[in-house]
2 protein chains.
Amino acid sequence: MKSPGYGKMTGRYDDDCVATREILSLVGDKWSVMVIVNLGEGPVRFSELKRAIEGISQRMLTLTLRNLERDGLLTRTVHPTTPPSVDYALTKLGRTLLEPVSVLAMWAQRHRPEIERSREAFARTARAK
Amino acid sequence: MKSPGYGKMTGRYDDDCVATREILSLVGDKWSVMVIVNLGEGPVRFSELKRAIEGISQRMLTLTLRNLERDGLLTRTVHPTTPPSVDYALTKLGRTLLEPVSVLAMWAQRHRPEIERSREAFARTARAK
DNA sequence: CGGAATCCGCAAAGATACTG
DNA sequence: CAGTATCTTTGCGGATTCCG
């Protein structure tokens with residue numbers, strides 16, 4: 001990665017931090033990863049995504065897709081049929097994100113029991129409040 | 001909401017998704033990764049963290065540390081000196097997160113120029129609004 | 001020094017209704 | 001079908017104050 005903030009803080013170090021954090025927040029976004037994973041095997045239509053991602057609102061799906069399109073992670077293709085259909089597909093860049101994200105997702109899966117146990121234990125201490 | 005009774009096939013799948021997303025959101029958290037990275041080389045005191053992580057408020061540092069402690073990613077140690085000093089250190093679990101996170105951070109670093117170019121291009125289209 | 005408690009603004013997220 | 005527009009609500013996060 002980068003050397004942690006140990007010695008001198010250069011301006012560029014901070015810039016990198018901010019920019020990196022901004023990109024990381026995309027992964028922590030409530031819906032982005034869901035969308036990306038759902039596009040992992042090929043193009044998917046708007047309504048399919050909405051059905052696949054349980055709990056997402058129309059609005060949030062639109063916004064999430066718009067952000068991912070803006071960042072160049074997916075493409076939006078309109079088919080001028082009646083009624084119109086629009087499908088979304090990962091770009092090459094988007095597909096390269098698939099792997100790092102799944103590494104992290106696997107970490108989450110693997111350590112989930114441990115984390116939940118920790119939470120329960122923490123809840124039993126006075127500090128939980 | 002949860003699945004409104006479409007059979008039992010979705011129950012566990014949804015649970016996994018929600019739980020995984022919850023853990024992933026920790027990575028997307030504005031400050032968590034910064035804290036984790038700063039603890040990568042050993043215990044650090046509260047005030048050192050506050051100075052090292054530029055822009056973080058006392059409150060948010062406290063909250064972030066509390067959450068990470070709750071999840072078992074770091075430990076909090078109080079030294080009963082006067083004035084008191086408290087230091088934080090990654091747990092074993094916390095250290096295992098260091099690697100997947102840096103994979104993702106490296107992805108972010110590497111593709112940042114590409115993403116920023118995409119954003120600029122997007123801003124020049126009408127869709128940018 | 002390392003917090004906890006309180007207040008508050010603002011932006012993000014949800015619900016609803018309407019449209020090309 | 002695939003959105004947009006609008007309104008309301010939630011809750012993150014900053015600033016400030018107080019305490020052991």
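Note on naming: letters A, B, ... go to the chains in the order of the sequence lines (proteins, then strands), and numbering restarts at 1 for each one.
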Distance below 4.0 Å between A:K30 side-chain N/O and C:dG14 OP1 or OP2: yes

Gap between atoms CD and P, on B:Q58 and C:dC7 respectively (whole Å): 18 Å

5'-most by nearest nucleotide on DNA chain C - B:E48 or B:R59: B:E48

Nearest-neighbour nucleotide for the B:S47 side chain, C:dC1, C:dG14, C:dA17 considered: C:dC1

Proximal nucleotide (of D:dG14, D:dT4, C:dG20) relative to the A:P84 side chain: C:dG20

B:T20 and its side chain to side chain contact (heavy atoms under 4.5 Å, CB included) partner, picked from A:M34, A:Q109, A:M106: A:Q109

Touch class at under 4.0 angstrom, heavy-atom based, for B:R45 against every strand present: sugar-phosphate

Touch class at under 4.0 angstrom, heavy-atom based, for A:K50 against every strand present: nothing

Short side-chain N/O contact to D:dA2 OP1/OP2 from A:R51, under 4.0 Å: no

Under-4.0 Å side-chain N/O to phosphate OP1/OP2 contact, B:R76 with C:dG3: yes

Separation of atom CD1 in B:I56 from atom C1' in C:dG2, rounded to whole Å: 14 Å

Whole-Å distance separating the CG atom of B:L61 from the P atom of C:dC1: 14 Å

Separation of atom CG in A:D29 from atom C1' in D:dC12, rounded to whole Å: 15 Å

